[in-house]
Student: 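This is the structure, below, for whatever I ask next.
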There are 2 protein chains.
Amino acid sequence: MSRAASNGGPDRPLSKGERTRQHILDIALGMFAERGYDGTTMRAIAAEAGVSVGNAYHHFRSKEHLIQGFYEQATVRHAAITPSVLEGRETLAERIEAALLTWLDIAGPYHDFAVRFFRNAADPSNPLSPFSEESSQSRERDIALYREVLEGSKTRVPEDLADVLPELLWLHQMVVVLYWVHDTSEGQEKSRELARRTAPMAARLVALSRLRILRPLVKQGEDLVRDFLITRRPA
Amino acid sequence: MSRAASNGGPDRPLSKGERTRQHILDIALGMFAERGYDGTTMRAIAAEAGVSVGNAYHHFRSKEHLIQGFYEQATVRHAAITPSVLEGRETLAERIEAALLTWLDIAGPYHDFAVRFFRNAADPSNPLSPFSEESSQSRERDIALYREVLEGSKTRVPEDLADVLPELLWLHQMVVVLYWVHDTSEGQEKSRELARRTAPMAARLVALSRLRILRPLVKQGEDLVRDFLITRRPA
DNA sequence: GTCTATAGCCGGATAGAC
DNA sequence: GTCTATCCGGCTATAGAC
């Protein structure tokens, strides 16, 4: 994808097939945004793109695979924009909030059809799930972003929590996203409120996790994350 | 459904249409369990049930609507069985664990096609979502169950938390269910482990919520639940 | 007016020729 | 890599049976 962007040189980095593929994708995303997912047939996409249906299926295994570009694009842009937004924000609460709100900004225009994408979240065998192997690259990119959110903050993070926290913050984001998908409020304002309110709570929890009384519980939670969230390799 | 069960009287509580409907549902659920959802066509269901496709669609608006019976049946059985399992269990941790494990027992046989059902969870406009208006009866039944889990326990519950806790415990169950849907371990043993490990953590959290230092955070969390989880009436 | 059946549309997906 | 032709299955229009 990045190869396709702004390559003004005389060389041809994209083969004919790659250009066709990209063209079909662009047309499809545009049509989805305009007429919705169900309202856009593969026949219509193919016709609009000037290719045959069979050709479209040669490049994309299924209609839903056309959606995959969305998550990919969203995480790339999220990773690209967030760092500048984080600048000058020092508390963990501010930084978490900024990352979440930036995500909502990016995803906003796709709200209607994002539902389609996150339907798949519940189905692990679906390659389009954000938890799937196929999505791992996008997921890792987003988790890395939260590592940056943590490292740049003034809040001291308990050592033993350090390596599971990025995953947990990513999970926090997924919860916000899940709510956002449901969100019918004007401009999805409720989701933004959710982000604004939960960000300081998450930061506070991180700080409180140092408390002596909470240590056993925190330890259990940490082990839980390790055993159930990160261990994703099948035996 | 309850009307259908064990009515040995001479009267006819079920009209011909109702019986046909129930028959189609039974056949469909059986076939789904056997050959999977995608592997079972509406034509095959109709044929096996001895009715026409058109007739099947007269009774069920769509193939997915056939799944609705699953959640309904599962919550009814959950509510029926759990009380006896709770007897003799006094600590909150034990009671939460029992309720969760009972759910897993009930849902077990349907594991393969439950994925289909919970796909819809991410789509609020889908009447099959567990969060939808259409599912509210089943949802309320399950939440009521957790009210019982709480009330029968020896753990003293902070007053202000009392009325949001059943919802939170239900949400806890939904998280377990979400994991269970993903679970590829033998007999979904990992999900049972998740239930066993998180139940005492949930109970511990309830107890800890009385701590002075945690009060502000608990209060915020409580407000959050009220504003974002329970307020479900559209303006 | 409730129930059931036939016949066929529509759109996602595929096989196989070029 | 691209096309044409076709399959397959969810769903519906509509007519007729009870």
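Within every chain, numbering begins at 1; the chains are lettered A, B, ... in the order of the sequence lines, protein sequences first and strands thereafter.
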Student: Cationic tip of B:Lys190 within the cone over A:Phe228's six-membered ring, i.e. under 6.0 Å and within 45° of the normal?
Tutor: yes
Student: Under 3.5 Å, sequence neighbours excluded: what are the donor-acceptor pairs made by side chains of residues 96-105 of chain A?
Tutor:
| from | atom 1 | to | atom 2 | distance (Å) |
| --- | --- | --- | --- | --- |
| A:Thr102 | OG1 | A:Ala98 | O | 2.7 |
| A:Asp105 | OD1 | A:Arg192 | NH1 | 3.1 |
| A:Asp105 | OD1 | A:Arg192 | NH2 | 3.0 |

Student: Under 4.0 Å, counting only non-hydrogen atoms across every strand here, what does A:Val51 touch: a base, just sugar-phosphate, or nothing?
Tutor: sugar-phosphate
Student: Scan A:Ser52 against the nucleic acid and name what it touches under 4.0 Å (heavy atoms): base, sugar-phosphate only, or nothing.
Tutor: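 Contact class for A:Ser52: base.
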Student: What I want to find out is whether B:Asp227 reaches A:Arg197 closely enough, with some N-O distance under 4.0 Å, to be called a salt bridge.
Tutor: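 Yes, charged N to carboxylate O under 4.0 Å.
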Student: Does CD in B:Glu189 sit with more than 12 non-hydrogen atoms of other residues, nucleotides or ligands closer than 6.0 Å?
Tutor: yes
Student: Checking side-chain polar atoms at under 3.5 Å, does A:Thr40 have a donor or acceptor matched by the opposite partner on A:Arg35?
Tutor: no
Student: With ring-ring contact (aromatic ring centres under 6.0 Å, His included) as the rule and sequence neighbours excluded, what pairs involving residues 29-59 of chain B come up?
Tutor: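 Matches after skipping sequence neighbours: B:Phe32-B:Tyr37, B:Phe32-B:Phe113.
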Student: For chain A and DNA chain C, what are the first and last nucleotides along the strand, 5' to 3', with at least one atom under 4.0 angstrom from a heavy atom of the protein chain?
Tutor: C:dG11 to C:dT14
Student: Find the distance B:Arg43:CZ to D:dC11:C1' and express it as a whole number of Å.
Tutor: 9 Å
Student: Measure the distance from CZ on B:Phe60 to C1' on D:dG9 and round it to the nearest whole Å.
Tutor: 19 Å
Student: Calculate the interatomic distance between B:Glu64 atom CD and D:dG10 atom C1'; express it in whole Å.
Tutor: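 Atom CD in B:Glu64 sits about 11 Å away from atom C1' in D:dG10.
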Student: Roughly, in whole Å, what's the span from CZ in B:Arg35 to P in D:dG9?
Tutor: 12 Å
